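On a predicted model such as this, the values are computed, not experimentally measured, just so you know. In each ligand, atom 1 is the first atom listed, and ligand 1 is the first ligand listed. Atoms considered below: every heavy atom in the structure, side chains included; atoms not considered: hydrogens, waters and symmetry mates. When a residue number appears, it is its place in the shown sequence, counting from 1.
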Amino acid sequence: MYFPSWLSQLYSGLSRPIRRTTQPIWGSLSRSLVLSSQRRNPEFSSFVVRTNTCGELRSSHLGQEVTLCGWIQYRRQNTFLVLRDFHGLVQVIIPQDESAASVRKILCEAPMESVVQVSGTVISRPAGQENPKMPTGEIEIKVKTAELLNACKKLPFEIKDFMKKTEALRLQYRYLDLRSFQMQYNLRLRSQMVMKMREYLCNLHGFVDIETPTLFKRTPGGAKEFLVPSREPGKFYSLPQSPQQFKQLLMVGGLDRYFQVARCYRDEGSRPDRQPEFTQIDIEMSFVDQTGIQSLIEGLLQYSWPNDKDPVVVPFPSMTFAEALATYGTDKPDTRFGMKIIDISDVFRNTEIGFLQDALSKPHGTVKAIRIPEGAKYLKRKDIESIRKFSADHFDQEILPVFLNTNRNWNSPVTNGTQEEDVVLLTAGEHNKACSLLGKLRLECADLLETRGVVLRDPTLFSFLWVVDFPLFLPKEENPRELESAHHPFTAPHPSDIHLLYTEPKKVRSQHYDLVLNGNEIGGGSIRIHNAELQRHILATLLKEDVKLLSHMLQALDYGAPPHGGIALGLDRLICLVTGSPSIRDVIAFPKSFRGHDLMSNTPDSIPSEELKPYHIQVSWPTDSKAAKAH
Ligand code: ASP
């Protein structure tokens, strides 16, 4: 129950950075959170009644008269209590003499988590009673006066990080959950990183922080947008999925280097680690190319990276989309470990194994494999069975597991470098499909191996990767004969592929780049089209979009739009990875639940039909759903 003095370390940078291997918890003293290179400690007690924070008091404060405000964390036998604020814990001695009866009454009777103000003297703890695990463990407060600022009712859960509580309960009482060390740490680290990003962008590189509207117009293509009714019958605003159009228009407006900590909205239904509203570090620059944006982002992350982590090494490696798919089966490869996909089609050209032969006889037929180190030791029969079932159910593909200890003599890439205990998972079929399946199995097997104690992914490692040379278009999922933008419709084609736009658009590569960290997409951007004709052709002819919705953009491009490009970093996901949090909800102060609800205020909520009238809206209640029963 010790509150380490992490915050002072966070600001002062006094202790040596220590590599952190697990998430910080209350009382983990081997941790140093030196997040800022700021020389000065912020003044945590300016403008308020307290003189000091609970966590900052040390032997150097002995004899000082202090006033502290905090929550009662713990009380022992009416002799002392432990007071907590955002900064740490401090021990307060409850006076026993008759003259202090009223102070004693307050401190002994106030329920746990009540908020109190105490004044008294910093004294040293009696010899032998120091607590080396507690940063304030050498001192205690001899109280003279105390005031109960507000009593606390019985809590739905204890404010202790080790107490297990469901996420629903945490979200329902978010304001209490925020008192935990973990949430305090995550939100303060987030604030520090954002501050450093602002510093880097505005002070060091001349960016301008500009707010763009959240009431906007529908954008064709891309994610589903939230609608906001207006008082004009049948007319709606849309909440922007990103400030994409505005940031490009700012370039036309000569604002040259824009950035914003931008709130974005996407109505994508329930997905476990997505939020309907989320935050991007949104950036746009004029007269820039892909390498310019990449260097800017590498510098930005290096500059804002917490000091207690291994420094970010730049430049980040880069991989083409085609290579990422072929070797990792995904456009966001986790490059912290091997188990790469290999093509072994040639080995099996003359095979008699039915399904391999079958696959190879088809156009684009391939045989691919991944090697699972020591798989025979760690994977159980039921794991292999579920792998085969998953492959059949989700990919309509067969998987052949090969246990190499019985089969060591093949002169093939599969066995090169393999060990006795390795298992090879082999599949055959069309290139993309076989790779995607093996990419999924690679991650699945890594998870399985790790649950059985194998360390494949070093938790202190941050493995950044640029993925480049995406195709400009992908076949639409629901109708593969039609095209959709791989990034968004404003992305410029690769200069050497422009001619293909008019002949073989599927083959056009784009100037789109994604930033991947440990297998998660944490950013994406592109060089934009700044030629109205080209933009119109892509929208109208290739994407078959209604260009009227974007006439303002097309018009703007015609008025001397500079060449420009940009990127957006997903701030929530980035902070989630940096803090090692299990979910992005743990780095957002008031997140929505997995179903998109605010469980604290019960949002979304119904609106009386009277109040819908000005918007000319009526609810048409579903007849057979749960929603109907609820009303
Ligand atoms: N607006 C894009 C997105 O949200 C990022 C960009 O292209 O700059 O993904």
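Shown in contact with Q280 at under 4.0 Å from a heavy atom are these atoms of ligand 1, numbered in order with element: 3 (C), 4 (O). Proximity to S242 (heavy-atom distance under 4.0 Å) selects the following atoms of ligand 1: 1 (N), 4 (O). Ligand 1 places these atoms under 4.0 Å from at least one heavy atom of H488: 2 (C), 6 (C), 7 (O). Heavy-atom contacts of I567 reach the following atoms of ligand 1: 8 (O) (cutoff under 4.0 Å).
Between H487 and H512, the ring planes lie parallel to each other; the angle is under 30°, not in the 30° to 60° tilted range. Between F226 and Y265, the ring-plane angle classifies as perpendicular under the 30° and 60° cut-offs. Using cut-offs of 30° and 60° for the angle between ring planes, the Y175 and Y173 rings count as perpendicular.
Looking at H512 against ligand 1, nothing comes within 4.0 Å, counting heavy atoms. Contacts of A568 with ligand 1, taken as heavy-atom pairs under 4.0 Å, involve both backbone and side chain. In R528, the part holding a heavy atom less than 4.0 Å from any atom of ligand 1 is the side chain.
Not a single heavy atom of Q248 sits closer than 4.0 Å to an atom of ligand 1. Using 4.0 Å as the threshold, H487 has a heavy atom nearer than that to some atom of ligand 1.
Taking any N or O of Q241, backbone or side chain, none lies under 3.5 Å from an N or O belonging to ligand 1. On a distance-only criterion, K247 and ligand 1 share at least one N/O pair closer than 3.5 Å.
Applying the side chain to side chain contact (heavy atoms under 4.5 Å, CB included) criterion to A326, with sequence neighbours excluded, gives H431.
Side-chain contact check for T427 and Q397: at least one donor-acceptor pair (N or O, by modelled atom type) lies under 3.5 Å. Under 3.5 Å, the side chains of H552 and Q245 contain a donor-acceptor pair of N or O atoms. No side-chain donor-acceptor contact under 3.5 Å links D469 and Y513. Looking only at atom types and distance, the side chain of D458 has a donor-acceptor partner in the side chain of T460 under 3.5 Å away.
Looking only at heavy atoms of the protein, atom 1 (N) of ligand 1 is closest to Q244 OE1, 2.6 Å. The protein heavy atom nearest to atom 5 (C) of ligand 1 is G524 O, 3.4 Å.
For F321 and F470, the ring centers sit closer than 6.0 Å to each other.
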